[in-house]
Chemist: 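Below: one structure in structure tokens.
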Amino acid sequence: MERYKENQLKVYNSLTKQKEEFKPITDGYVGMYVCGPTVYSNAHLGNVRTFMFFDVVYRYLLHLGYKVRYVRNITDAGHLENDADEGEDRIAKKARLEEIEPMEVVQRYTVDFHNVLKNYNFLPPSIEPTATGHIVEQIEMIKEIIEKGLAYEVNGSVYFDVLEYNKSNHYGILSGRKVEDLIHNTRALDGQSDKKNPQDFALWKKAEERHIMRWPSPWSDGFPGWHLECSVMSTKYLGESFDIHGGGMDLKFPHHECEIAQSQTCSGVKPVNYWMHTNMLLLNSQKMAKSTGNFILPNEILSGENDILPKAFSASVVRFFNMQANYRSILDFSGEALEASEKGHAKLMEAVNFLEKIEAGKTSTFDVQNWKTACYAAMNDDFNTPILISHLFEAVKLINQIKEKNASLTVEDLSEFKTIIHSFVFDVLGLMNENSQDNSEKINGVVELLIKLRKEARENKDWALSDQIRDELIELGIQLKDGKEGTTFSIN
């Protein structure tokens, strides 16, 4: 269903620093590239926030009826320590320390990455290319940049000439930086560097003797630059110009800036129409860092095997927590925040479960069409998931009113209402109804039995037992409500 024809999506473009109407290059089709992980260690929770947001973007674009080619790469070579042009390859260093092959490191942490995403209910991308699978294409791109006079070879390494490029282009167009400021803030070269200028970046690095990962090239046995990999893989599968490029804000400079320079040099056109960046994730109001011990792995949240959170939390609760904040804002991850999200998530799922029991009425006391329009308006406004969730809780309120027979929906409205709720809760946000079906039915049965026993206690004037049942259920997060039609309950 081509819902995109009825919904004008607006996207905040990091390039122009404003929201813009989303108009794909080809009507009905979207090309999206997101920078994937460097697989030298376990998946990082901050990166998972970025991937989770773009999973929602992917889901919503599909929901709108677009045909989407979503490319998310795996960096399995060329990413040096500290994101610099000097130092050791992160994967090669891990292999050396553990005395294993680099591809064993890649395999181990690629599997871990996929397991994390599977546990958190991610849709797989359309294509997941690897850097090592595209060495030939990277060498060819380097040749083209050299031919155009914007790269030079020194001692077997090849560097992109930033100052030469900046004569006819704007290096810094994405990050807002100026080459003049970069030069002013850079210390003089120490005489040992092969670069003409400190701002230049590596397209190809000659491998030192101890460097395990190396490939033959016209310049040396070496390996490609980290920035080059994404330019090659994005343009190979999405074309010289494509719609959306995403990643964390930490990649904006220099990684994405370098991508623009490389791609534009080769094609002569703007490579990406909409740049999107997620903000950082804090842990207990502090920056996550393995060096300080202030970090937690995604699967440790699910198992509860950590010293940071008070208990284990489900993957769906973590997704719900992430979606309660705008992707461009800093998000503080903590046990208290997750416990609050768990309560909200439980209320939402309880209402969704009760939907199946609702019977249509003769009239509608709720404007379903206006509510539906508001839900789409939220997502059309730069994927504003917090506002969408607020509208979903309007639906929760309505469901509870229907449960108490204080509201009703006609057959047509009820059908539309159910469809929209399921679409946004499960298809778009990717939440999971983990406690539905058997467990939910068993819990409901036990609570109903306790309500029956409490009723008998009240009839026998055994007020102590009646109060005990009520109070202990409250401690478990189950609230009883006595009404004319009997006693109902809700799980908080």
Side-chain angles (χ1 to χ4, degrees), residues 3-24 30 32 34 46 48-66 68 70 120-123 243-249 273-282 316-333 337 340-341 344-345 347-348 352 367-398 417 419-431:
R3 296 186 183 92
Y4 62 85
K5 293 183 177 181
E6 306 164 5
N7 290 273
Q8 181 54 66
L9 177 62
K10 287 189 175 182
V11 173
Y12 182 86
N13 192 345
S14 298
L15 189 65
T16 61
K17 313 293 189 294
Q18 62 185 8
K19 290 181 186 178
E20 300 175 359
E21 289 188 0
F22 178 69
K23 295 179 180 179
V30 176
M32 180 169 75
V34 174
V48 170
R49 181 196 183 188
T50 292
F51 300 136
M52 190 174 289
F53 167 69
F54 285 105
D55 180 61
V56 171
V57 171
Y58 183 35
R59 287 170 175 273
Y60 188 58
L61 292 173
L62 292 173
H63 175 75
L64 290 180
Y66 285 110
V68 186
Y70 175 21
Y120 281 85
N121 199 31
F122 282 65
L123 296 179
D243 299 302
I244 297 172
H245 193 315
M249 66 179 299
N273 283 350
Y274 304 92
W275 286 89
M276 300 180 69
H277 293 92
T278 58
N279 213 323
M280 71 175 68
L281 183 67
L282 303 180
S316 191
V317 166
V318 177
R319 281 191 75 105
F320 183 71
F321 163 77
N322 272 279
M323 296 307 120
Q324 287 180 290
N326 186 282
Y327 75 95
R328 289 188 285 116
S329 64
I330 294 174
L331 179 58
D332 192 2
F333 187 91
S341 291
H345 181 272
K347 289 179 180 178
L348 178 60
V352 170
D367 194 329
V368 173
Q369 289 304 316
N370 275 352
W371 170 79
K372 172 184 174 181
T373 299
C375 289
Y376 277 101
M379 287 303 290
N380 291 337
D381 183 18
D382 193 33
F383 308 95
N384 200 327
T385 55
I387 298 300
L388 171 64
I389 288 173
S390 72
H391 293 314
L392 290 177
F393 273 90
E394 290 177 28
V396 170
K397 182 179 179 181
L398 173 65
F417 187 63
T419 298
I420 297 303
I421 284 183
H422 279 87
S423 292
F424 281 109
V425 171
F426 301 118
D427 298 341
V428 175
L429 294 181
L431 301 180

Chemist: Between Y120 and D55, is any pair of side-chain heavy atoms under 4.5 Å apart?
Modeler: no
Chemist: If I compare all heavy atoms of P386 with all of A325, which pair ends up nearest, and what's the gap?
Modeler: CG-C, 3.5 Å
Chemist: Can you measure from CG (L398) to CH2 (W371) and round to the nearest 0.5 angstrom?
Modeler: 9.0 Å
Chemist: Report the residue from Y58, Y376, Y4 that forms a side-chain hydrogen bond (donor to acceptor under 3.5 Å, both in side chains) with H63.
Modeler: Y376
Chemist: Just by modelled atom types, is the N279 backbone N or O under 3.5 Å from a matching donor or acceptor in the R49 side chain?
Modeler: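 Checking the backbone N and O of N279 against the side chain of R49, a donor-acceptor pair under 3.5 Å is found.
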Chemist: Check the pair F51, F122 against ring-ring contact (aromatic ring centres under 6.0 Å, His included), reporting the backbone distance first and the verdict last.
Modeler: CA-CA 9 Å; F51 300 136; F122 282 65; 7.4 Å; no
Chemist: Quick check: closest heavy atoms across H345 and S316, and the distance to 0.1 Å?
Modeler: NE2-OG, 2.7 Å
Chemist: State, yes or no, whether a side-chain contact exists between L62 and L123 at a heavy-atom distance under 4.5 Å.
Modeler: yes
Chemist: Please round to the nearest 0.5 Å and tell me the distance separating atom NE2 of H391 and atom OG1 of T373.
Modeler: 10.0 Å
Chemist: Starting at CG of D332, measure out to CG of L281 and round the result to the nearest 0.5 Å.
Modeler: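 Rounded to the nearest 0.5 Å, the CG-CG separation comes out at 8.0 Å.
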Chemist: State, to 0.1 Å, how close F321 and A337 come at their nearest heavy-atom pair, and which atoms those are.
Modeler: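 So the minimum-distance heavy-atom pair works out to CE1-CB, 3.6 Å.
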Chemist: Provide the closest heavy-atom pair for L388 versus A378 in the form atom of the first, atom of the second, distance.
Modeler: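 Taking L388 first and A378 second, the nearest heavy atoms are N-CB, 3.6 Å.
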Chemist: List the atom of F393, the atom of K347, and the distance in Å for their closest heavy-atom pair.
Modeler: CE2-CB, 4.2 Å
Chemist: Determine whether a donor-acceptor pair (N or O, by modelled atom type, separation under 3.5 Å) exists between the side chain of D367 and the backbone of Q369.
Modeler: yes
Chemist: Run M379 and T385 through side chain to side chain contact (heavy atoms under 4.5 Å, CB included) and show every step you take.
Modeler: CA-CA 6 Å; M379 287 303 290; T385 55; 4.0 Å; yes
Chemist: Assess whether side chain to side chain contact (heavy atoms under 4.5 Å, CB included) is satisfied between R328 and M249, documenting all intermediate values.
Modeler: CA-CA 9 Å; R328 289 188 285 116; M249 66 179 299; over 6 Å; no
Chemist: So which heavy atom on Y12 is nearest to which on D382, and how close?
Modeler: N-OD1, 3.0 Å
Chemist: If you measure from CZ on F417 to NZ on K372, what distance do you get to the nearest 0.5 Å?
Modeler: 13.0 Å
Chemist: Checking ring pair (Phe, Tyr, Trp, His ring centres under 6.0 Å) against H245, which of W275, F54, Y274 comes through?
Modeler: W275
Chemist: Looking at Q8, K10, K19, which one forms a side-chain hydrogen bond (donor to acceptor under 3.5 Å, both in side chains) with D381?
Modeler: K19
Chemist: Would you indicate whether the side-chain heavy atoms of L431 and L348 approach each other to under 4.5 Å?
Modeler: yes
Chemist: Look up atom CD in E6 and atom CG in L64, then write down how far apart they are to the nearest 0.5 Å.
Modeler: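 Going from CD on E6 over to CG on L64, the span is 9.5 Å.
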Chemist: Is a donor on one side and an acceptor on the other found under 3.5 Å between the side chain of T278 and the backbone of T50?
Modeler: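 It does not hold such a pair.
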Chemist: Do the non-hydrogen side-chain atoms of V396 and L392 ever get within less than 4.5 Å of each other?
Modeler: no
Chemist: State the CG-CD1 distance between N273 and I244, to the nearest 0.5 angstrom.
Modeler: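 Between atom CG of N273 and atom CD1 of I244 there are 9.5 Å.
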Chemist: Name all residues meeting the side chain to side chain contact (heavy atoms under 4.5 Å, CB included) criterion together with T16; count only those two or more places apart in sequence or in a different chain, and write none if there are none.
Modeler: N13, Q18, E20
Chemist: Given the rule in the side chain to side chain contact (heavy atoms under 4.5 Å, CB included) test, do L9 and L61 qualify, once you have shown the distances and angles that lead to the verdict?
Modeler: CA-CA 10 Å; L9 177 62; L61 292 173; 3.9 Å; yes
Chemist: For a side chain to side chain contact (heavy atoms under 4.5 Å, CB included) check, start with the C-alpha distance between Y70 and V30, then their side-chain angles and the critical distance, and finish with the verdict.
Modeler: CA-CA 8 Å; Y70 175 21; V30 176; over 6 Å; no
Chemist: For residues 421-430, tabulate all N or O donor-acceptor pairs below 3.5 Å that involve a side-chain atom, not counting sequence neighbours.
Modeler:
from, atom 1, to, atom 2, distance (Å)
H422, ND1, K418, O, 2.9
S423, OG, T419, O, 2.8

Chemist: Output yes when a side-chain donor or acceptor of N380 lies under 3.5 Å from a complementary backbone atom of N7, and no otherwise.
Modeler: no
